[in-house]
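Just so it is clear: chains get the letters A, B, ... in the order the sequence lines come, proteins before strands, and each one is counted from 1. Side chains included, hydrogens not; waters and symmetry mates left out as well; all remaining heavy atoms used. If you're wondering where the values come from, they're calculated on a predicted model, not measured in any experiment.
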Protein chains: 2
Amino acid sequence: MPDPVPLPDEIALLWGRRESARRGPKAMLSVDEIVRAAVTVADADGLAAVSMAKVAAELGKSTMALYRHVRSKDELLMLMGDAALADPPDLSGMDWRTGLTTWALSILATLHEHGWFAQLPVNGPPIGPNNLAWFDSALGALTDTPLAELQKVGIVQNLITFVHGEMRLGRDLQRSYDRDPDRFGPDYGRALAELIDPVRFPALSRVVSSGAFSGPEMIGQDLEEDFRFGLELYLDGVEAFMRRS
Amino acid sequence: MPDPVPLPDEIALLWGRRESARRGPKAMLSVDEIVRAAVTVADADGLAAVSMAKVAAELGKSTMALYRHVRSKDELLMLMGDAALADPPDLSGMDWRTGLTTWALSILATLHEHGWFAQLPVNGPPIGPNNLAWFDSALGALTDTPLAELQKVGIVQNLITFVHGEMRLGRDLQRSYDRDPDRFGPDYGRALAELIDPVRFPALSRVVSSGAFSGPEMIGQDLEEDFRFGLELYLDGVEAFMRRS
DNA sequence: CCTTCACTGCGTATGTCGTACGCTAGTGAG
DNA sequence: CTCACTAGCGTACGACATACGCAGTGAAGG
């Protein structure tokens, strides 16, 4: 029998394998409960509202009690990042393209319920069980293609990159729109139009005067449509690449 | 003569058009200086180290002096976001594909010098002069193509989405690698390999056992190469779309 | 059974943060 | 000259993360 897994303890925590205590009083708190409470707070009031005090209050415990189960707030945020990802969709039976499309839209939908996800600090490669499950799911969609394993990884990783960009821009824009729709109103657009000097910004000016920017059409469903458009373009590229191979 | 631009004052600030005072002592501080100092602090010690106190200390002034020029820290962060973007590259004379590739790599290079950019909160559509200059630059690369203006916007916006994803994942990974290379070392990989159950993660397991994940090859130049690969795929898709039109 | 002591939960304290408020002193319009 | 207005700043407050140490609990070892 080999050594019993010298897991870096951060990973052990992520996978629920931190050794539990053998002595002392029964724990009234668990890491799972804490993470769930933190997610609840974040869903309700945003990531900025997640403080150790608020999370503890949500559980009816004192602030410092959390530190027995979680080494720091950063660690809690890391756990939240994995917990936000529910199970990936079942892609079996789909061709690779339908599979990846379904996958991308699913992860966006999942993260739409946890709008704070995009604001989590990235402190290392995603390594939690749910994260890996999603990664596996996307790779699985490419199983029956003639690509080399390394190429599959590259293609999926770029897809993830694209999705993260969408989260950062699209979702955050959506949130700021909900908070203050005036920023997207006609007053704003008109004020902006005066700033866009046709000499300094020729191409942009052409777009604006063509009427493409007159209203809040960069928001809401148009945003998802835009994402689908980009996704299609990317997958067209992947398809061409596969034919070339 | 029409009304003299009722600019939302946040935008006025961004464009350096906040009306200056007519009475009172000469200002010893300017918005520009403050933003420059904040960027200096962020470049040196990261975005988390940017506090009003530190920025003021950098300028040899007291904390509260900053608030005469900047309404809040959020406003300062917004200004930093625009200031981080230097001038876009000159793409004239390039075909659209070379132009967009140059553009994407340039913006990544620019933001590499300001690694904190990806962590700035997104509070609205990018609207600062430098931001618009980059947007205009990318649109300009598509001038001589047969696309409709709205399609150009969509293509550029998706490219921006992709670049933002790269910033979030790639650059932050790079940073965390620099801080703690052990997290990418062989110990880590071996520990991870034990967690990847072939039944639960079939596709991922296949990749790992094919040796694609043995080392820190997702980092550094391989990361940029990966980005280029994804960019090529996307642009292939754009090219096909243009032929179809 | 009793002792031991690792462990949980929590109260207190420290240092940092953003920023509201009001003061002082300098300035230019009247 | 006057004085409304302004820049910079000192103080204060509430929120935050978290180090530290204490008190009580209950399984392990005798």
Main chain of [Y], side chain of [X]: is a donor-acceptor contact present, judged purely on distance under 3.5 Å?
X: Asp136(B); Y: Ala203(A); result: yes
X: Trp134(B); Y: Trp103(B); result: no
X: Glu58(B); Y: Lys54(B); result: no
X: Asn158(B); Y: Asp226(A); result: yes
X: Lys73(B); Y: Val50(B); result: yes

**OP:** Could you tell me whether Phe135(A) and Phe201(B) have their ring centroids closer than 6.0 angstrom?
**Re:** no
Original post:
Hey, can you pull the residues of residues 114-122 of chain A with a non-hydrogen atom under 4.0 angstrom from DNA chain D?
Top reply: none
Original post:
Hey, does Leu76(A) have a side-chain heavy atom less than 4.5 Å from the side chain of Met52(A)?
Top reply: yes
Rounded interatomic separation in angstrom, taking [atom1] from [X] and [atom2] from [N]:
X: Glu33(B); N: dA7(D); atom1: CD; atom2: P; result: 14 Å
X: Met28(B); N: dT6(D); atom1: CE; atom2: P; result: 18 Å
X: Lys61(A); N: dC10(C); atom1: NZ; atom2: C1'; result: 11 Å
X: His69(A); N: dC7(C); atom1: NE2; atom2: P; result: 13 Å
X: Leu66(A); N: dG11(C); atom1: CG; atom2: P; result: 13 Å

Are any protein N/O atoms closer than 3.5 Å to N/O atoms in nucleotides 25-30 of chain C? If there are, list each pair with its distance.
unit_1, atom_1, unit_2, atom_2, d
dA29(C), O4', Arg23(B), NH1, 3.3

Subject >> Summary of protein contacts for nucleotides 17-23 of chain C, nucleotide by nucleotide, where a base hit scores B, a sugar-phosphate-only hit scores S (4.0 Å, heavy atoms) >> reply: SSBBBB-
Original post:
In chain order, what residues pass the side chain to side chain donor-acceptor pair (under 3.5 Å) check against Arg228(B), with sequence neighbours excluded?
Top reply: Glu224(B)
Original post:
Who are the side chain to side chain donor-acceptor pair (under 3.5 Å) partners of Arg36(A), not counting sequence neighbours?
Top reply: none
Original post:
What heavy-atom pair brings Ala65(A) and Leu29(A) nearest, and what distance separates the two atoms?
Top reply: CB-CD2, 4.1 Å
Can you give the donor-acceptor pairs under 3.5 Å from side chains of residues 104-122 of chain A to other protein atoms, not counting sequence neighbours?
unit_1, atom_1, unit_2, atom_2, d
Ser106(A), OG, Thr102(A), O, 2.7
Thr110(A), OG1, Ser106(A), O, 3.1
His112(A), ND1, Arg171(A), NH1, 3.3
His114(A), ND1, Asp43(A), OD1, 2.8
His114(A), ND1, Asp43(A), OD2, 3.3
Trp116(A), NE1, Asp43(A), OD1, 2.7

